[in-house]
**Student:** 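The structure is given below, and queries will be raised subsequently.
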Amino acid sequence: MNEDYLKGLNPVQYNAVTKIDGPVLVIAGPGSGKTRVLTYRIAHLVNSGVAPWEILALTFTNKAAKEMKERIGKVAGDKANQIWAGTFHAIFARILRAEATKIGFPSDFSIYDPSDVKSCIAEIVKGQGFDPKAYGVSDIYHRISMAKNCLISPRDYAADAERLLDDKQANMPYVYKIYDLYIKKLQRSGAMDFDDLLFQMHRLLKENPDNVVEKYRKKFKYLLVDEFQDTNSLQYGIIQLLVKYPGSPQNICVVGDDAQSIYAFRGATIQNILDFEKDYPNLQVFKLEQNYRSTNYIVQAANDVISHNKKQIRKKIYTEKGEGEQIKVIRAVSDNEEARMVASMIAELKLRHRMKNEDFAILYRVNAQSRVFEESLKGHRIAYRIYGGLSFYERKEIKDLIGYLRVIVNPKDEEALKRIVNYPTRGIGDASLSKLSLAAEVNAIPLWEVLKKAVSFDNSISTRAAKSIQEFVMLIETFQRWLQTEDAYEMAKKAAKLSGILDDLAKDKTPEGQGRIENVQELLDGIKSFVEEDTIGELQTEVQDKTLSSYLQNIALVTDSDKDEDDNDRVKLMSVHAAKGLEFKAVFITGMEENLFPSLMALKSKDSRAAIDEERRLFYVAITRAEQHLVLTYASSRYRFGKMQYNNSSRFLEEISSDCMEIKSNNETAKVGGMKLPSQIKMPLKTTSSQAPIQIKVSPVHLIIPGAKVLHERFGEGKVMNVEGAPDNKIASIFFGGDIGEKRIMLKFAKLQVL
DNA sequence: GCGTATTCCATTTTT
DNA sequence: TGGAATACGC
């Protein structure tokens with residue numbers, strides 16, 4: 001057995017990898033080799049004789065799953081493909097596909113994306129005659145989603161005094177009613193939303209038809225969960241059902257970092273980590289605290305910031321990467337200036353440190369901030385790529401074609417049906433459609449069934465409309481017959497042509513119109529590669545069949561960000577959330593302002609303490625993305641929603657001890673030592689000596705002794721007060737002039753010249 | 001029934 | 001600011 005992979009591990013990592021039996025909790029600080037531990041652990045399981053298909057590894061993102069599989073492949077070879085590794089959603093969708101009929105869903109169930117969900121809820125609100133102003137669709141969706149994620153059924157909801165009161169205060173007392181109707185409507189439509197992939201999975205295991213739970217308990221002998229801090233109660237519940245039962249070996253390993261929990265807003269709770277210790281008494285805990293990513297100033301800043309959060313598991317990350325460069329804080333007068341300064345700093349760093357575009361990331365709190373950076377980067381001719389925003393699959397023409405495919409596979413899919421029934425326009429207007437929707441609602445049957453016999457449900461339908469509906473039904477039924485013989489690609493090609501989508505798009509001769517045709521073509525190409533190479537985007541899938549149904553199930557859970565296009569040597573722009581799990585040589589965290597980071601939403605939420613703590617963890621995540629260079633920027637004024645807004649600098653800036661930072665404004669630099677960082681807009685500018693690095697002739701370490709006068713490349717002249725530490729890792733306390741004061745400096749990294 | 005003009009509206013993060 | 005719902009004219 002080749003166990004070379006064990007050699008490069010530090011002692012804690014080694015234990016976390018090799019203690020394979022029983023429950024294990026790994027607390028993994030940022031950059032501590034978490035993925036390494038996880039993948040080596042899986043490789044180690046396989047090498048220890050565990051069959052790969054007995055291993056279930058759950059992640060949050062497709063990207064993480066992909067990376068994990070690739071890295072396992074490198075250590076464990078082909079067997080990696082047989083491991084059940086994927087996102088919670090994808091894995092459970094796969095299981096549900098096999099078991100759905102046991103809980104009253106078709107195995108070809110549709111997966112509703114958030115926009116489907118919203119339109120579905122909107123229809124219910126309308127049908128019930130609730131005031132759409134009071135009943136904001138997104139708000140209702142959020143409440144329903146939270147309920148599901150807390151394992152609250154519609155019946156529980158109706159009996160939950162706290163929820164009812166909260167709904168009442170939000171001026172929407174009938175959310176519980178909408179929830180109930182929504183669930184029923186989904187069931188009628190043979191559809192599940194994202195939350196249902198968890199909720200129904202839990203239901204399946206809990207209600208346990210045909211003792212299905214035993215099947216999966218037997219199958220999955222070893223369970224691993226990544227990003228455990230981001231799991232919600234529902235996910236925890238599923239895990240419990242799979243692992244905690246009489247006689248269970250409880251071979252579960254969860255890996256997470258409470259300090260990086262940034263998804264509480266959608267139900268994640270670090271309570272799961274705390275509960276885990278209670279629920280598994282013989283738990284083994286390993287803490288990975290050594291950071292292999294960042295230099296010391298960055299690590300220290302991260303520790304400083306997170307120490308302001310009360311509720312956390314005790315740990316402190318450290319690094320041996322050396323002191324590194326100080327963190328730069330930059331104030332700009334406007335968002336535009338902020339963008340210009342960031343772009344020119346990138347240009348400068350590229351020159352000075354021979355860095356490439358791909359070494360840089362610009363991070364922001366909200367995607368809307370990306371725009372100004374686009375312009376400034378263009379101005380400097382710096383290649384960039386924006387992550388997030390409107391995804392490929394959210395484009396209208398793509399959704400339209402996928403709408404056809406969904407209806408063909410599952411005609412009960414009402415959201416898809418409504419989208420395409422009159423696109424391209426074929427004379428089935430709103431009037432007819434709302435009559436028929438009503439009939440479907442009243443009779444509690446799928447809209448499709450009503451369409452098939454439209455006139456018998458409502459004889460006020462015009463003959464013209466009735467004829468069009470008839471033709472539409474026949475079109476879909478023709479497609480459905482082909483389903484028996486054709487693969488996904490053939491089906492999609494036929495659908496694009498015969499539906500009239502391609503002809504309709506061809507009418508538009510503008511460049512945008514051409515682009516839409518190209519997009520459809522791209523989708524078709526994607527389906528082709530699914531059929532021929534088992535891929536979805538860039539993701540390798542282990543699909544069972546090449547049917548359209550199988551394709552749709554896979555595609556629903558893949559987003560744009562999963563296919564890494566030609567991001568060769570481009571500066572990456574993304575939200576802090578999107579940056580989680582990534583690392584860059586240089587990171588710019590922008591918009592460090594009150595009301596933006598922390599966000600206004602957090603500040604005015606009803607538990608603002610908890611919300612700000614989450615923002616702080618988000619900031620912690622952002623800081624710890626940086627390997628060598630970290631720049632924090634803020635703007636005194638910025639455009640938001642078409643209006644000029646004036647904000648103070650973020651409270652988070654003040655939480656970083658000032659000796660980690662260097663403060664800059666409009667190219668004039670100022671040192672701040674010991675005093676609080678000015679948070680007002682009118683920040684007093686401390687203009688002192690020039691900050692160009694001083695040319696140093698580095699003196700050997702043994703010459704640096706107490707009393708010596710030394711010159712530091714950035715702090716200037718100072719006097720050595722004290723030297724301590726091991727001979728190969730001496731730390732000197734040096735007193736510098738000006739307002740720098742005394743600093744502790746690791747001699748093996750500092751550039752000092754004895755005078 | 002259809003396409004365009006206008007007004008309005010809400011603005012976070014994502015599987 | 002810009003996307004989406006509504007109003008209006010054909």
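Since the model is a prediction, treat every value here as computed from it, not as a measurement.
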**Student:** Would you call A:Arg419 and A:Asp116 a salt bridge, using N to O less than 4.0 angstrom?
**Tutor:**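 No, no charged N to carboxylate O under 4.0 Å.
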**Student:** Sub-3.5 Å donor-acceptor pair from the side chain of A:Ser261 to the main-chain atoms of A:Asp258, do we have one?
**Tutor:**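 Checking the backbone N and O of A:Asp258 against the side chain of A:Ser261, no donor-acceptor pair under 3.5 Å is found.
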**Student:** Counting side-chain heavy atoms from C-beta on, which of C:dG2, B:dT14, B:dT12 comes nearest to A:Arg371?
**Tutor:**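 Out of C:dG2, B:dT14, B:dT12, the nucleotide with an atom closest to A:Arg371's side chain is C:dG2.
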**Student:** Looking at A:Asp400 and A:Arg516, is any side-chain nitrogen of the basic one under 4.0 Å from a carboxylate oxygen of the acidic one?
**Tutor:**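 Result for this pair is no, no salt bridge flagged.
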**Student:** Using the side-chain heavy atoms of A:Met601, tell me which of these nucleotides is nearest: B:dT11, B:dT14, B:dG1.
**Tutor:**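 Nearest listed nucleotide: B:dT11.
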**Student:** Identify each atom pair where a protein N or O and an N or O of nucleotides 8-10 of chain C are less than 3.5 Å apart, giving names and distance.
**Tutor:**
none

**Student:** Classify the nucleic acid contact of A:Phe60 as base, sugar-phosphate or nothing, counting any heavy atom under 4.0 Å across all strands shown.
**Tutor:**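 Contact class for A:Phe60: sugar-phosphate only.
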**Student:** A:Lys118 NZ to C:dA4 P: how many Å, rounded?
**Tutor:**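 So the two atoms are 10 Å apart, to the nearest Å.
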**Student:** Can you tell which of B:dG3, B:dT14, B:dT12 lies closest to the side chain of A:Thr425?
**Tutor:**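 It is B:dG3.
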**Student:** How close do A:Glu338 and A:Gly591 get, heavy atom to heavy atom, and via which atoms?
**Tutor:**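 Nearest heavy atoms, A:Glu338 then A:Gly591: OE2-N, 2.8 Å.
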**Student:** Could you say whether A:Arg464 or A:Thr87 is positioned toward the 5' end of DNA chain B, judged by the nucleotide with the nearest heavy atom to each?
**Tutor:**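 Its nearest nucleotide lies further toward 5', so the answer is A:Arg464.
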**Student:** Would you measure the distance from the P atom in C:dA4 across to the matching atom in B:dT13 and give it in whole Å?
**Tutor:**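 Going atom to atom, P in each nucleotide, I get 15 Å.
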**Student:** With a non-hydrogen cut-off below 4.0 angstrom, is A:Tyr263 in contact with a base, only sugar-phosphate, or nothing?
**Tutor:**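 Sugar-phosphate, no base atom in range.
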**Student:** Looking at OG of A:Ser650 and CD of A:Glu594, how far apart are the two atoms once the value is rounded to the nearest 0.5 Å?
**Tutor:**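 Between atom OG of A:Ser650 and atom CD of A:Glu594 there are 5.5 Å.
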**Student:** Grab the CZ-C1' distance between A:Arg625 and B:dT13 for me, whole Å please.
**Tutor:**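 My rounded result for the distance is 15 Å.
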**Student:** If you check the A:Phe194 side chain, which of B:dT11, B:dT13, B:dT15 turns out closest?
**Tutor:**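 Of the candidates, B:dT15 comes closest.
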**Student:** Starting at atom CG of A:Leu603, determine the distance to atom C1' of B:dT12, rounded to an integer number of angstrom.
**Tutor:**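 Atom-to-atom, A:Leu603 to B:dT12, this comes out as 13 Å.
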**Student:** Output the rounded distance in Å from NZ (A:Lys63) to P (B:dT15).
**Tutor:**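 Spelled out: NZ on A:Lys63 to P on B:dT15 is 9 Å.
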**Student:** Check the distance between B:dT12's C1' and A:Phe619's CZ and give it to me in whole angstrom.
**Tutor:**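 Answer to the nearest Å: 18 Å.
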**Student:** For the pair made of CD1 in A:Ile262 and P in B:dT12, what is the distance, rounded to whole Å?
**Tutor:**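 Roughly 16 Å, once rounded to whole Å.
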**Student:** Does a side-chain N or O from A:Asn62 land closer than 4.0 Å to OP1 or OP2 of B:dT15, or not?
**Tutor:**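 Negative; the distance criterion is not met.
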**Student:** When you match A:Ile428 and A:Ser599 each to their closest nucleotide on DNA chain B, which lands nearer the 5' end?
**Tutor:**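 The answer here is A:Ile428.
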**Student:** Hey, is the side chain of A:Ser432 poking within less than 4.0 Å of OP1 or OP2 on B:dG1, counting only N and O atoms?
**Tutor:**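 Looking at the OP1 and OP2 atoms of B:dG1, one of them is under 4.0 Å from a side-chain N or O of A:Ser432.
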**Student:** At 4.0 Å (heavy atoms only), tell me whether A:Gly427 reaches a base, stays on the sugar-phosphate, or touches nothing.
**Tutor:**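 If one applies the 4.0 Å heavy-atom cut-off, A:Gly427 turns out to touch the sugar-phosphate alone, with no base involved.
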**Student:** Mark yes or no: A:Arg203 above the aromatic ring of A:Phe199, with NZ or CZ under 6.0 Å from the six-membered ring centre and no more than 45 degrees from the axis.
**Tutor:**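 Judged by the rule (NZ or CZ under 6.0 Å from the ring centre, within 45° of its axis), A:Arg203 is not positioned above A:Phe199.
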**Student:** Check whether A:Ser549 reaches the backbone of A:Asp108 with its side chain - one donor and one acceptor, N or O, closer than 3.5 Å.
**Tutor:**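 No.
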**Student:** Can you tell whether the side chains of A:Arg617 and A:Asp613 come within less than 4.0 Å, N to carboxylate O?
**Tutor:**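 So A:Arg617 does not pair with A:Asp613 through a salt bridge.
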**Student:** Starting the side chain at C-beta, find the nucleotide from B:dT15, B:dT12, B:dG1 nearest to A:Val366.
**Tutor:**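 Within the option list, the nearest is B:dT12.
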**Student:** Output the rounded distance in Å from CD (A:Gln235) to C1' (B:dT15).
**Tutor:**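 Rounded to the whole Å, the gap is 9 Å.
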**Student:** Does a side-chain N or O of A:Asn422 approach OP1 or OP2 of B:dC2 to a distance below 4.0 Å, or not?
**Tutor:**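 A:Asn422 to B:dC2 OP1/OP2: side-chain N or O found under 4.0 Å.
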**Student:** Looking at B:dT14, I'd like to know if its phosphate oxygens (OP1 or OP2) sit under 4.0 Å from a side-chain N or O belonging to A:Ser575.
**Tutor:**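 Checking B:dT14 against A:Ser575, a side-chain N or O does come within under 4.0 Å of OP1 or OP2.
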**Student:** Send over the distance from A:Asn554 CG to B:dT15 C1', rounded to a whole Å.
**Tutor:**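 These atoms are roughly 15 Å apart.
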